[in-house]
4 protein chains.
Amino acid sequence: MESSTTHRGNRHGRSEEARRAVLEAADDLLAERGFAGVTIEGIAARAGVAKQTIYRWWPSKVDVLLEAFTEDMAEHLTPPDTGDLATDLRTHLANLAEFLTTSDPGAVFRALTGQAQHDPQLATRLRDDHLSAQRARDRLPLHRAIERGDLPADIDVDAALDHLLGPIHYRVLVTGTPVPRSFTDDLVAAFLHRHRPDSR
Amino acid sequence: MESSTTHRGNRHGRSEEARRAVLEAADDLLAERGFAGVTIEGIAARAGVAKQTIYRWWPSKVDVLLEAFTEDMAEHLTPPDTGDLATDLRTHLANLAEFLTTSDPGAVFRALTGQAQHDPQLATRLRDDHLSAQRARDRLPLHRAIERGDLPADIDVDAALDHLLGPIHYRVLVTGTPVPRSFTDDLVAAFLHRHRPDSR
Amino acid sequence: MESSTTHRGNRHGRSEEARRAVLEAADDLLAERGFAGVTIEGIAARAGVAKQTIYRWWPSKVDVLLEAFTEDMAEHLTPPDTGDLATDLRTHLANLAEFLTTSDPGAVFRALTGQAQHDPQLATRLRDDHLSAQRARDRLPLHRAIERGDLPADIDVDAALDHLLGPIHYRVLVTGTPVPRSFTDDLVAAFLHRHRPDSR
Amino acid sequence: MESSTTHRGNRHGRSEEARRAVLEAADDLLAERGFAGVTIEGIAARAGVAKQTIYRWWPSKVDVLLEAFTEDMAEHLTPPDTGDLATDLRTHLANLAEFLTTSDPGAVFRALTGQAQHDPQLATRLRDDHLSAQRARDRLPLHRAIERGDLPADIDVDAALDHLLGPIHYRVLVTGTPVPRSFTDDLVAAFLHRHRPDSR
DNA sequence: TGGTAATCGAGACGGTACGTCATGTCTTTGG
DNA sequence: CCAAAGACATGACGTACCGTCTCGATTACCA
């Protein structure tokens, strides 16, 4: 077992200790100095790790951030399942807004999404490895509602998600406007008004 | 007049020739090599200009891109005024989608927005100098409709814009999904369904 | 017995197989890529041996070369004993010239002597372990001649050797000039002219 | 004039100040820490100069040492011209011995000659640019003696020089034996005994 | 008409971070 | 116990740009 005993890297495999130190250092640096302040050199110095150890395991600094990001994401953004579509959506969207605007992994997400605008490979990886998984979680409340008969079966789920999630990301990434609970609740209201006009 | 005679920079003022060369070189480099390929050194070499000339007039490379961007933006994204809200919005949103996904200045916009995620100062400048102007243009169709009585006077215009524009930017910046005419038309349909339920 | 059975290193002692592989790899690398091309890493890779095995047995890469060198030296540079001083010296000096300029161990000698210029410890070891032994061999023809009465008993043997050997090393190490038979013969002639003026 | 005003490097040309600092730093490091202790990083740090400045002007660290060496050589090793061959040679050889064994540029010479054993390009450059010039100076006393009729016209000057200089270099580079005045005087005596047997 | 002042291209400078390489140490696995 | 494998911290390598600086030239303006 790798985790059964601490070791410092040998034939047994890589050092978990070094791995954790690198990921934490990267996260800290991003939080403290912003994306430009995250350098391989700096991560190495802060983590007490050799540069070569980083290059051995990660192709670039964005890969370090990507891995650091992965570990934190799922727990934050799994939508609830109360049996009530409106409640589920309101909670989930509020959680998303808070994640994006205030959490550390949210800051990493913004940084990576920003970098992805200049780096198509990163964009692809970000979408394939992370956003698609999140997207699947985002779909759950709608699918459950369809199964319950609370939403029409022919609804375009992906378009619906874009309508719900898009404005939040837009405020976070483009306009910089705060995303209060009233805004996310209103998104849910608009959605429900269109697809369940009778209910309200 | 500065433009009346070609000169190469002297007491008369700065060289318009050099300014144009710099802006074009920056644009070209962004298109050819991406944001990371845009360097002051590279712009200077390509424009046949001294580095100092760039530093004299622009604080950083993003300022060069910002200036290059400014010149192209307004013309592309001024919404039409046909007197019909639905038509105006459909056209405007389709134009926006095309601008963001296919045009050169759209690429510059994506790059700058990406960089703004790591650079709060750029974010502020981008919003204050450019997005607010664009936002004002975006509001026009809605204000005109309100004046015509085609929309209720108490509508939250900014929230409405976020609902209309957000999903498009979300697809462009985050998911990378194409933004076809059907998607933008559907956004308009959802908007009208909510705020003018009687018409259609 | 170590040699009776092949083993790969165990309680019976170190692996002769590994030792030979290391020495040969070092020699080969020196011949192929020069001194800078000899690295512990490279020797290990080429010999199919772990780096640690090299570090266990040799303090540094020059020690590997030194050991490789030791094995080849004595056989090449033992002066003949024909009973005639002139013949012995001419043959020995010609052998030395050929050894230094054309043989593989001669190349190792040049490399080690070069390295010794920046490494006093190596210089000392080279002199104590190898050059003094060679020096003793070099003295033999002169001592035999003295015993035969062919040279005066009060001759300064070491100075004489420096006069005979110095110009050859000088050409090899400093000027890079070839060292033909005529040159070595002339050295012998000068020596004999001084110390046995009657004989010629 | 470049030298008329101090500058820090610009279109005017390179900075003499930086050049001097680099050469001195290299010399100092060689003297203090030996050849292995001379690194580009170290020179840069000690000279208060950017690494790039060194790479801009010198292809490698040996080129720095080579240039540092050039400046000091000629003055030390120009043979005297007293009109007496024996005196000229004795003085010159004693100077050479002292230069090689005790002076700072002599240490640089030993280091470069050592490095030349692993670096054929350096060997060539060392010979073409420096040793040939020194060789020309070394020939002067012999040529003057020939013109005076103090040496036969058909003497092989180059071979004679190897006989005179070789043993000194041999002691310095190979055996590490001291080179006292008696040794150099004896070399001259042997030379004169052969080529001017009558004179003594 | 000739001095003054601002700009320009050019490019050297001190730096920072990059990504690669070899070093020598360490630990595990296995014969 | 020794060898192979290979991860590790260290630190020099040579490169690419950074942002600053000084130069010599050009070109208006203004006295």
Side-chain angles (χ1 to χ4, degrees), chain A residues 5-15 17-19 36 39-42 44-45 47-57 59-61, chain B residues 5-15 17-18 36 38-45 47-57 59-61, chain C residues 7-15 17-18 36 38-42 44 47-57 59-61, chain D residues 2 5-15 17-19 36 38-42 44-45 47-57 59-61:
Chain A
T5 136
T6 49
H7 57 85
R8 306 229 307 276
N10 46 35
R11 196 177 193 177
H12 203 48
R14 65 189 289 192
S15 161
E17 194 179 344
R19 184 180 152 274
T39 66
I40 298 277
E41 210 99 16
V49 143
K51 277 200 303 176
Q52 187 55 40
T53 297
I54 301 181
Y55 284 113
R56 200 183 342 259
W57 300 111
S60 75
K61 78 174 184 182
Chain B
T5 138
T6 50
H7 56 85
R8 308 227 308 276
N10 47 34
R11 196 176 196 176
H12 203 49
R14 66 188 287 192
S15 162
E17 193 179 344
V38 182
T39 65
I40 298 279
E41 210 99 16
I43 295 172
V49 143
K51 278 201 302 177
Q52 186 57 38
T53 298
I54 301 181
Y55 284 110
R56 195 173 358 246
W57 299 110
S60 75
K61 79 174 185 183
Chain C
H7 59 84
R8 306 226 312 277
N10 47 33
R11 67 185 56 176
H12 304 301
R14 65 188 289 192
S15 161
E17 192 180 345
V38 182
T39 65
I40 299 277
E41 212 100 14
V49 142
K51 278 199 303 176
Q52 187 55 38
T53 298
I54 302 180
Y55 284 110
R56 199 182 340 259
W57 299 109
S60 76
K61 79 175 184 181
Chain D
E2 296 210 356
T5 135
T6 50
H7 57 85
R8 304 228 309 275
N10 45 36
R11 198 177 194 179
H12 204 50
R14 63 189 288 193
S15 162
E17 193 179 344
R19 183 179 153 274
V38 182
T39 65
I40 299 276
E41 321 260 324
V49 143
K51 275 200 305 176
Q52 186 54 37
T53 297
I54 301 180
Y55 285 113
R56 191 165 11 239
W57 298 111
S60 74
K61 78 175 183 181

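Naming: A, B, ... by sequence-line order, numbering from 1 per chain. Scope of the values below: all heavy atoms of this structure, side chains included, with no hydrogens, waters or symmetry mates.
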## Note on the structure
Assert: residue with more 5' nearest nucleotide on DNA chain F, out of B:P59 and D:S60, is D:S60
### Query
Atom CD1 of A:I54 to atom C1' of F:dT10: distance rounded to whole Å?
14 Å
### Message
Rounded to whole Å, please give me the gap between CD in B:E17 and C1' in F:dT27.
### Response
13 Å
## Note on the structure
Sorted by position of nearest nucleotide on DNA chain E, 5' first, the leading residue of A:K61 and D:R19 is D:R19
### Task
Could you say whether A:G42 or C:G42 is positioned toward the 5' end of DNA chain E, judged by the nucleotide with the nearest heavy atom to each?
A:G42
Closest contact, heavy atoms only, [X] versus [Y]:
X	Y	value
A:V49	A:I54	CG1-CG1, 4.0 Å
B:K61	B:V38	NZ-O, 2.8 Å
A:T53	A:A18	CG2-CB, 4.5 Å
A:A50	A:A44	C-CB, 4.2 Å

Does a side-chain N or O of [X] approach OP1 or OP2 of [N] to a distance below 4.0 Å, or not?
X	N	answer
A:T53	F:dA9	yes
A:W57	F:dG6	no
D:R56	E:dC13	yes

Could you write out each protein N or O paired with an N or O of nucleotides 20-22 of chain E at a distance under 3.5 Å?
{"unit_1": "E:dC21", "atom_1": "N4", "unit_2": "A:Q52", "atom_2": "OE1", "d": "3.0"}

### Task
Tell me what B:G48 touches on the nucleic acid: a base, only sugar-phosphate, or nothing, going by heavy atoms under 4.0 Å.
sugar-phosphate
